[in-house]
Amino acid sequence: MDAQTSFLDKLFDRGILHSSGVDGLYARSGAFEDVIRRFEDYVLKIGEGETSEAMVFPPGMTMADFETSGYMKNFPQLAGTVHAFCGDNHGHMDLLECMATGKDWTEGQKRTDLALTPAACYPLYPILARRGPLPEGGVTVALQSYCFRHEPSKDPARMQMFRQREYVRVGNADEAIEFRETWKRRGKEIMDALHLPAHVDVANDPFFGRAGKMLGASQREQELKFEMLVAITSSENPTACMSFNYHMDNFGKAWGIARADGEPAHTACVGFGLERITLALFRHHGLEIENWPEAVRATLWG
Ligand code: ATP
Ligand code: ZN
Ligand code: MG
């Protein structure tokens with residue numbers, strides 16, 4: 001049994017996560033969710049005075065906005081779209097016939113207006129764009145979303161459905177970069193307060209295919225993405241529990257978000273992987289929350 005399987009099995013044995021039979025799709029226990037809630041409360045307090053508003057998104061976004069995001073160009077391998085039965089009685093008979101005979105009954109499914117949200121901040125941008133030019137000084141939004149990525153794995157930290165809590169800064173280049181640097185520093189302070197051994201490193205997204213290699217290299221070279229890495233299932237390949245991203249004016253241009261001066265907005269986001277941070281706590285402090293270090297419990301439970 002490899003190390004990853006055994007941590008996942010321990011989580012199942014303790015009822016912290018519940019298996020669904022599909023890798024990366026798990027039910028969470030009440031205790032697991034309580035840690036997530038406490039962590040979110042803690043992080044929300046830190047950014048409180050600077051945030052202009054808060055939003056929570058459903059796990060899907062419009063297909064139109066999903067297309068605008070460029071996700072299918074960059075990460076087609078991770079995407080999920082929502083399809084549904086839209087047929088008549090005849091179509092329904094065919095569907096049931098396929099099911100009964102073990103044939104693929106999903107072939108008749110049609111696209112809907114929804115895609116599964118791949119990154120928590122995507123649904124924010126079209127909302128901001130529709131409001132017209134940003135106020136002077138831009139905005140900072142606290143948000144949360146379920147995300148879907150088709151990356152099934154035995155590694156409990158690589159789920160197909162998971163939540164990101166984010167702060168997003170929308171303004172000019174200086175404001176976006178300063179925000180990102182501030183949160184890199186705060187991210188480390190948060191990990192210290194949780195007694196989690198962590199370090200920040202430059203990173204790149206898993207762009208698809210041959211052209212993707214170059215996009216990833218260029219992202220790294222421009223230092224657009226950093227990750228907060230914590231050993232969860234492997235010490236050689238620590239897991240990204242937070243990420244700190246500067247998107248330049250890519251999203252500002254894609255969705256047409258204008259600043260007060262009419263220029264396209266620059267955006268940056270800090271993403272907290274809620275399940276990953278919780279798993280890191282269980283990994284480093286043990287499966288019994290009552291036995292976690294007093295200081296860590298005080299940070300989360302006050
Ligand atoms: P990785 O390099 O491990 O695939 P990522 O670069 O895809 O991570 P981001 O796209 O920056 O991660 O997503 C923001 C945060 O969401 C990550 O820092 C991580 O904490 C969390 N996250 C990303 N993918 C997953 C996943 N498959 N399961 C659980 N959490 C995830
Ligand atoms: Zn984001
Ligand atoms: Mg990834």
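Predicted model, so just to flag it, every value in this text is computed and none were measured. When a ligand or atom number is given, it counts from 1 through the structure's own listing order.
- Proximity of A157 to ligand 1, defined as any heavy-atom pair under 4.0 Å, is confined to the backbone N, CA, C and O atoms.
- With a 4.0 Å heavy-atom cut-off, ligand 1 is reached by the side chain of E227 but not by its N, CA, C or O.
- Between Y26 and F12, the ring centre distance stays below 6.0 Å.
- Ligand-side atoms of ligand 1 in range of A240: 17 (C), 18 (O), 19 (C), 20 (O), range being under 4.0 angstrom from any heavy atom.
- Residue M242 approaches ligand 1 through these ligand atoms, each under 4.0 Å from one of its heavy atoms: 18 (O).
- Residue-level proximity to ligand 1 for C241 is carried by the backbone, the only part with a heavy atom below 4.0 angstrom.
- Applying the 4.0 Å criterion to heavy atoms of K225 picks out, from ligand 1, the atoms 6 (O), 9 (P), 10 (O), 11 (O).
- For atom 8 (O) of ligand 1, the closest heavy atom belonging to the protein is R276 NH1, 3.5 Å.
- Ring geometry for F66 versus Y71: interplanar angle of 30 to 60°, hence tilted.
- Below 4.0 Å from some heavy atom of M159 lie the following atoms of ligand 1, by number and element: 26 (C), 27 (N), 28 (N), 29 (C).
- Ligand 1 lies nowhere less than 4.0 angstrom from a heavy atom belonging to Q160.
- Contact of the T117 side chain with the F57 side chain is not registered, since no non-hydrogen atoms from C-beta on lie closer than 4.5 Å.
- In this structure the side chain of K188 reaches within 4.5 angstrom of the side chain of M228, judged on heavy atoms.
- For the pair R180 and F226, the NZ or CZ position fails the cation-pi test of under 6.0 Å to the six-membered ring centre and within 45 degrees of the ring normal.
- Between N245 and ligand 1, no pair of N/O atoms sits closer than 3.5 Å.
- Ranking the protein heavy atoms by distance from atom 23 (C) of ligand 1 puts R149 NH1, 3.5 Å first.
- Considering only heavy atoms from C-beta on, V82 comes within 4.5 Å of L116 through its side chain.
- The distance from the Zn ion (ligand 2) to the nearest N/O/S atom of H247 is not under 2.8 Å.
- Polar contact with ligand 1: present for E151 (N/O pair, distance under 3.5 Å).
- Here the heavy atom of the protein found nearest to atom 22 (N) of ligand 1 is F162 CE1, 3.4 Å.
- Between the side chains of S218 and Q222, a donor-acceptor pair is found at a separation under 3.5 Å.
- For F162 and Y146, the gap between ring centers reaches or exceeds 6.0 Å.
- At under 3.5 Å, not a single nitrogen or oxygen of F272, backbone or side chain, sits near a nitrogen or oxygen of ligand 1.
- Side chain to side chain, D205 and Q219 meet the donor-acceptor criterion of an N or O pair below 3.5 Å.
- H285 places a side-chain N or O within 3.5 Å of a backbone atom of L194 that can act as its donor or acceptor partner.
- Take the Zn ion (ligand 2) as the corner point: the lines to SG of C269 and to OE1 of E166 open at 100°, to the nearest 10 degrees.
- The shortest contact between atom 1 (P) of ligand 1 and any protein heavy atom is with R158 NH2, 3.6 Å.
- When heavy-atom distances to ligand 1 are checked against a 4.0 Å cut-off, Q164 comes that close only through its side chain, counted from C-beta outward.
- Among A203, P206, G273, the residue whose heavy atom lies closest to atom 21 (C) of ligand 1 is G273.
- Y167 contributes no side-chain N or O that, together with a main-chain N or O of T51, makes up a donor-acceptor pair within less than 3.5 Å.
- Residues E48 and K45 are not paired through a salt bridge, judged by the lack of any N-O separation under 4.0 Å between the basic side chain and the carboxylate.
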